[in-house]
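Written below as structure tokens is the structure these notes are about.
Values reported hereafter were calculated over all heavy atoms of this structure, with side chains retained and with hydrogens, waters and symmetry mates removed.
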Protein chains: 2
Amino acid sequence: MGVFSKTCEYAIRSVFFIAHRTASGNKVGIKEIANGIDSPEHFLAKILQDLSRKGIVLSAKGPNGGFYLDDVARKRPLSDVVEAVDGNSIFTGCGLGLANCSETNPCPLHHEFKAIRNQLKDLLEQTTIADFSESLNLGITKLRK
Amino acid sequence: MGVFSKTCEYAIRSVFFIAHRTASGNKVGIKEIANGIDSPEHFLAKILQDLSRKGIVLSAKGPNGGFYLDDVARKRPLSDVVEAVDGNSIFTGCGLGLANCSETNPCPLHHEFKAIRNQLKDLLEQTTIADFSESLNLGITKLRK
DNA sequence: AAAATAAAAGACAAACATATCTTTTATTTT
DNA sequence: AAAATAAAAGATATGTTTGTCTTTTATTTT
């Protein structure tokens with residue numbers, strides 16, 4: 001089990017891919033995205049529909065349509081993508097799954113986990129979708145296989 | 001979705017509970033454990049059967065039987081428990097789910113994730129089951145609700 | 001030896017995550 | 001207006017995780 005759900009992994013990868021491919025105002029279709037990030041096309045379509053409804057990605061129907069990001073969407077932190085798909089439990093939940101775990105009523109791992117969670121939180125909140133485009137442009141990082 | 005699977009959460013909580021309750025050579029039954037950590041009894045039974053087979057916990061059948069830990073088992077790092085249940089993907093897997101992600105072929109989040117994963121790895125490898133007994137004894141930490 | 005106890009094992013069920021396929025709606029191009 | 005395009009929506013399927021119930025095996029007590 002990863003840190004994110006499979007759905008969320010596809011979501012992040014697709015958002016990176018869309019940002020990378022639509023930098024100059026164009027759009028990219030679902031088939032191309034699915035191929036570009038190596039994901040099941042129809043499953044990804046569902047995910048992008050959801051992200052579109054929530055305003056994380058933009059979309060246009062018809063010829064020359066597809067998915068894209070405007071400047072506002074590009075500058076959203078990764079945490080917005082994660083939260084849209086997996087909710088905020090990753091930022092707040094107890095490591096041992098206890099519902100009432102808190103500072104005053106902690107589980108044995110509470111404090112140790114807080115440090116790790118905060119580091120993840122900071123990473124996701126302090127980087128934007130756009131931040132990862134350059135290394136993709138340069139071919140230094142990749143989104144499939 | 002938590003960092004660990006539900007199964008693994010129950011496993012860790014039960015191992016802490018057993019360590020806490022069997023410090024002086026006695027044993028504790030499945031009903032008492034399930035109640036003590038607020039988990040489904042029969043589901044936990046399966047988990048403990050598995051942990052028993054793998055030598056993480058010890059068990060004895062019959063009257064006055066139950067689950068317990070000896071000194072060796074008490075001193076095992078938490079990483080052994082996690083690995084027995086969830087495997088080692090949590091220590092090695094790519095944050096974006098890419099099979100071939102590596103140092104030389106990284107995903108966009110590779111380096112950032114490595115830091116977080118290593119912190120988790122260190123936490124789990126450097127603490128033992130026994131390390132958490134004292135705060136449980138003192139009632140400072142808890143394993144249910 | 002018989003009865004009682006408690007884990008081990010097996011079969012099954014429900015819920016959720018993941019994946020596939022088809023139809024509909026909106027938009028653009030001709 | 002008709003045809004083509006592409007996302008949106010709906011229905012269905014598969015797989016995995018989580019959870020429940022029953023039977024069996026091993027051990028101890030009487």
Side-chain angles (χ1 to χ4, degrees), chain A residues 1-15 17-18 21-22 26-69 82 85-87 89-90 96-97, chain B residues 1-15 17-18 21-22 26-35 37-69 85-87 89-90 96-97:
Chain A
M1 176 186 268
V3 176
F4 307 122
S5 66
K6 212 101 207 41
T7 301
C8 193
E9 289 174 357
Y10 291 143
I12 297 171
R13 278 152 64 191
S14 66
V15 163
F17 185 86
I18 296 167
R21 280 294 179 88
T22 67
N26 43 341
K27 304 185 185 88
V28 58
I30 183 70
K31 279 199 184 103
E32 199 176 340
I33 304 169
N35 182 61
I37 70 167
D38 196 29
S39 75
E41 179 186 329
H42 297 286
F43 186 45
L44 183 63
K46 289 289 171 208
I47 297 168
L48 287 176
Q49 276 165 34
D50 185 44
L51 290 180
S52 174
R53 251 181 265 115
K54 289 172 174 162
I56 303 293
V57 303
L58 302 172
S59 71
K61 290 182 176 183
N64 302 314
F67 295 92
Y68 64 103
L69 298 179
V82 172
V85 179
D86 280 350
S89 69
I90 193 173
L96 298 186
Chain B
M1 176 187 267
V3 175
F4 307 123
S5 66
K6 213 97 204 48
T7 301
C8 193
E9 289 175 355
Y10 291 144
I12 298 171
R13 277 153 63 191
S14 65
V15 163
F17 185 85
I18 296 167
R21 280 293 180 90
T22 67
N26 44 340
K27 305 183 184 87
V28 58
I30 183 71
K31 279 198 184 105
E32 198 177 340
I33 304 170
N35 182 61
I37 70 166
D38 197 28
S39 76
E41 179 186 329
H42 297 287
F43 186 45
L44 182 62
K46 288 288 172 208
I47 297 169
L48 287 175
Q49 276 165 35
D50 185 45
L51 290 180
S52 173
R53 250 181 265 116
K54 289 172 175 163
I56 303 293
V57 302
L58 302 172
S59 70
K61 290 183 178 182
N64 300 314
F67 296 93
Y68 63 103
L69 298 178
V85 178
D86 280 351
S89 70
I90 193 173
L96 298 186

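Regarding A:Ile33, its CD1 atom lies at a distance of 11 Å from the C1' atom of D:dA6, rounded to whole Å. Rounded to an integer number of Å, the gap from A:Lys27 NZ to D:dT5 C1' is 13 Å. Atom C1' of nucleotide D:dA7 and atom NZ of A:Lys31 are separated by 11 Å, given to the nearest angstrom.
Taking 4.5 Å as the limit, every side-chain heavy atom of A:Leu44 sits out of range of all side-chain heavy atoms of A:Glu41.
When every heavy atom of B:Val28 is checked against every heavy atom of B:Phe17, the shortest pair comes out as CG2-CE2, 4.1 Å. Listed here is the closest heavy atom pair of B:Asp86 and B:Phe4: OD2-CA, 3.7 Å.
Ranked by how close their nearest DNA chain C nucleotide is to the 5' end, B:Gly66 and A:Phe43 are led by B:Gly66. Residue whose closest nucleotide on DNA chain D sits further toward the 5' end, between A:Val28 and B:Leu44: A:Val28.
The side chain of B:Ser59 sits closest to C:dA8 out of D:dA8, C:dA8, D:dT20. Nearest to the side-chain atoms of B:Phe67 among the listed nucleotides D:dG19, C:dA8, C:dA9 stands C:dA8.
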Mind listing the N/O atom pairs, protein and nucleotides 27-30 of chain D, below 3.5 Å?
from, atom 1, to, atom 2, distance (Å)
D:dT29, OP1, B:Asn64, ND2, 3.2

List the protein contact pattern of nucleotides 10-15 of chain C with one symbol per nucleotide (5' to 3'): B for base contact, S for sugar-phosphate-only contact, - for none; contact means a heavy-atom distance under 4.0 Å.
BB----
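Listed by first and then second residue, the side chain to side chain donor-acceptor pair (under 3.5 Å) pairs involving residues 58-67 of chain B are B:Ser52-B:Ser59 (not counting sequence neighbours).
If you check every strand for non-hydrogen atoms under 4.0 Å, A:Ile30 touches sugar and phosphate atoms only.
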